[in-house]
Asker: 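So that we are looking at the same thing, I have put the structure below in structure tokens.
The figures that follow rest on heavy atoms only: side chains count, while hydrogens, waters and symmetry mates do not.
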Amino acid sequence: MKPLEVIQGGNGAPDAWPSRKPRWLKVRAPGGPNYMRLKELMRGLELSSVCEEAQCPNIGECWEAGTATFLVMGDVCTRNCPYCAIAHGRPEELDEDEPRRVAEAVERLRLNHCVITSVDRDDLPDGGAWIFAEMIREIRLRRPGCSIEVLTPDFRGNPDAIRTVIAARPEIFNHNMETVPRLHRVARPGGRYDRSLAVLRTGRELDDEVLIKTGIMLGLGETAADIDEFMGDALEAGVQILTLGQYLRPSPDHLPIDRYVTPKEFERWKEIGESRGFLHVESGPLVRSSYHAREQVLELRQRVAALAAAG
């Protein structure tokens with residue numbers, strides 16, 4: 001497989017992107033009954049969602065289906081990544097009652113799958129790892145059949161923090177790489193590419209039964225060679241689930257869009273990724289980290305069981 005020959009004609013030169021969003025990025029404004037019910041519940045329990053804070057284009061679809069990604073430990077990040085819509089600055093004091101409230105929301109919504117993510121909390125010794133673990137335990141008590149995905153920060157590479165989260169046994173351990181190695185310092189000045197790879201590798205080594213997941217945005221200026229390099233690095237680190245989505249600029253103060261990647265190219269990257277060894281690749285213009293997460297768990301549980309039986 002030679003992805004450079006099938007993506008962008010092999011020359012890595014991006015097309016100029018139009019000033020208006022292409023039709024495949026246009027979505028309906030949210031407002032269905034389940035969306036409104038979930039929004040009211042989140043407000044009543046004083047909870048935040050990354051769906052709102054990060055301006056996710058799938059909020060209407062996911063909330064209407066009764067699925068949400070909980071943003072915990074506040075809505076102010078200690079880092080200032082120039083692609084991200086979440087506010088940055090000095091976070092408020094940690095809310096130790098939040099795990100109970102998140103678990104209550106999961107129970108009241110009767111969720112079968114939930115995703116928990118957080119801002120970076122570099123002000124905390126463990127980066128907030130114990131909060132992730134406590135939320136997993138609380139959800140297990142209140143909603144035992146609910147599968148859980150955690151989308152964590154890098155914890156500054158602290159292996160004890162990663163161990164704390166993995167020991168709580170989420171179904172999916174996710175840490176997003178966000179972009180390819182060549183653009184990493186530009187997009188994530190507070191992070192390090194190799195450190196993020198080490199987080200994923202450590203998660204994989206600690207528990208074979210926890211699925212390891214990561215994702216990047218396309219449209220920041222990466223070439224096909226860059227994506228190919230990233231895929232190799234992710235596979236070497238033990239990643240099993242990969243998400244690829246279009247970068248959308250939150251405001252004129254954020255990184256510019258280099259190009260709009262077509263649905264056809266996203267489909268081709270899915271084919272390439274799965275042919276290279278990822279168990280599942282979720283790839284499309286509107287894909288975000290937790291998009292179709294429940295479906296991923298169901299599919300991969302069956303595939304992993306089949307592989308174990310065959311081996």
Side-chain angles (χ1 to χ4, degrees), residues 30 38-59 62-63 68-106 114-136 138-139 148-158 161-162 164-165 173-179 184-192 195-196 199 214-215 217 220 245 247-255 288-290:
L38 198 156
K39 187 170 184 176
E40 289 174 6
L41 178 60
M42 297 284 278
R43 295 296 173 273
L45 292 173
E46 298 182 344
L47 298 174
S48 297
S49 76
V50 76
C51 318
E52 294 177 290
E53 299 295 333
Q55 303 175 17
C56 179
N58 303 311
I59 186 170
C62 294
W63 281 29
T69 299
F70 296 95
L71 179 67
V72 303
M73 292 187 274
D75 56 5
V76 177
C77 188
T78 54
R79 300 186 191 178
N80 184 19
C81 297
Y83 68 85
C84 184
I86 293 177
H88 64 92
R90 177 177 292 182
E92 296 181 0
E93 187 175 345
L94 199 62
D95 179 0
E96 297 186 3
D97 185 54
E98 193 170 36
R100 179 196 62 79
R101 298 202 311 279
V102 168
E104 181 181 342
V106 171
C114 69
V115 183
I116 303 166
T117 190
S118 79
V119 293
D120 281 287
R121 290 298 302 258
D122 294 329
D123 58 314
L124 303 174
D126 70 345
W130 78 269
I131 286 283
F132 277 99
E134 189 62 21
M135 285 188 184
I136 294 169
E138 287 278 356
I139 292 167
I148 302 169
E149 174 179 337
V150 292
L151 170 55
T152 75
D154 63 18
F155 300 124
R156 290 193 174 274
N158 181 348
I162 302 166
T164 295
V165 178
F173 178 81
N174 184 356
H175 170 63
N176 275 344
M177 300 291 294
E178 305 296 3
T179 190
H184 207 263
R185 285 192 176 184
V186 175
R188 294 187 70 202
R192 296 209 313 264
R195 184 166 68 191
S196 285
V199 169
T214 194
M217 304 168 287
L220 279 168
Y247 167 62
L248 296 175
R249 192 181 195 183
S251 80
D253 295 326
H254 290 80
L255 287 176
R288 294 299 179 265
S289 183
S290 57

Asker: Side chain of T214, backbone of H175: donor and acceptor closer than 3.5 Å?
Answerer: yes
Asker: Give a yes or no answer on whether the side chain of Y83 reaches the backbone of T179 with a donor-acceptor pair at less than 3.5 Å.
Answerer: no
Asker: Please determine whether side chain to side chain contact (heavy atoms under 4.5 Å, CB included) holds for the pair M135 and E98, giving the CA-CA distance in whole Å, both sets of side-chain angles, and the decisive distance to 0.1 Å.
Answerer: CA-CA 8 Å; M135 285 188 184; E98 193 170 36; 3.6 Å; yes
Asker: Can any side-chain N or O of R249 pair as donor or acceptor with the backbone N or O of S251 at less than 3.5 Å?
Answerer: yes
Asker: Heavy atoms only: give me the nearest D126-A161 pair and the separation to one decimal.
Answerer: O-CB, 3.5 Å
Asker: Donor-acceptor pair, distance only, cut-off 3.5 Å: does the side chain of T78 make one with the backbone of D120?
Answerer: yes
Asker: Side-chain contact test, heavy atoms from C-beta onward, threshold under 4.5 Å: evaluate it for M73 versus P91 and give yes or no.
Answerer: no
Asker: Is the shortest heavy-atom distance from the side chain of I162 to the side chain of F155 under 4.5 Å?
Answerer: yes
Asker: To check you understand the geometry: which heavy-atom pair defines the closest contact between C114 and I139, and what is its length?
Answerer: SG-CD1, 3.7 Å
Asker: Going from CG on D123 to CD on E93, what distance comes out if it is rounded to the nearest 0.5 angstrom?
Answerer: 10.5 Å
Asker: Among V150, V102, L94, D95, whose side chain to side chain contact (heavy atoms under 4.5 Å, CB included) with V72 holds?
Answerer: V102
Asker: Kindly check if the number of other-residue, nucleotide or ligand heavy atoms within 6.0 Å of CZ (R185) is above 12?
Answerer: no
Asker: Between CZ of R192 and NE2 of H184, what distance do you get to the nearest 0.5 Å?
Answerer: 10.5 Å
Asker: Between N176 (side chain) and E178 (backbone), is there a donor-acceptor pair under 3.5 Å?
Answerer: no
Asker: Do L124 and W130 make a side-chain contact, defined as non-hydrogen atoms from C-beta onward lying under 4.5 Å apart?
Answerer: no
Asker: To the nearest 0.5 Å, tell me how far D122 CG sits from C77 SG.
Answerer: 7.5 Å
Asker: If you round to the nearest 0.5 Å, how far is CD1 of I116 from OG1 of T69?
Answerer: 10.0 Å
Asker: If you draw a 6.0 Å radius around NE2 in H254, do more than 12 non-hydrogen atoms from other residues or ligands fall strictly inside?
Answerer: yes
Asker: Without swapping roles, check the side chain of S196 against the backbone of M177 for a donor-acceptor pair under 3.5 Å.
Answerer: no
Asker: With side chain to side chain contact (heavy atoms under 4.5 Å, CB included) as the test, would you mind laying out the steps for E104 and E138 before giving the verdict?
Answerer: CA-CA 9 Å; E104 181 181 342; E138 287 278 356; over 6 Å; no
Asker: What I'd like to find out is whether the side chain of T164 reaches to under 4.5 Å of the side chain of F132, using heavy atoms alone.
Answerer: no
Asker: Are V76 and V119 side-chain neighbours, meaning at least one heavy-atom pair lies under 4.5 Å?
Answerer: no
Asker: Using side-chain heavy atoms (C-beta onward) and a distance below 4.5 Å, is I131 in contact with P99?
Answerer: yes
Asker: Determine the minimum heavy-atom distance between A187 and P82, stating which atoms define it.
Answerer: O-CD, 3.2 Å
Asker: Charged N to carboxylate O below 4.0 Å: is that the case for R79 and D154?
Answerer: yes
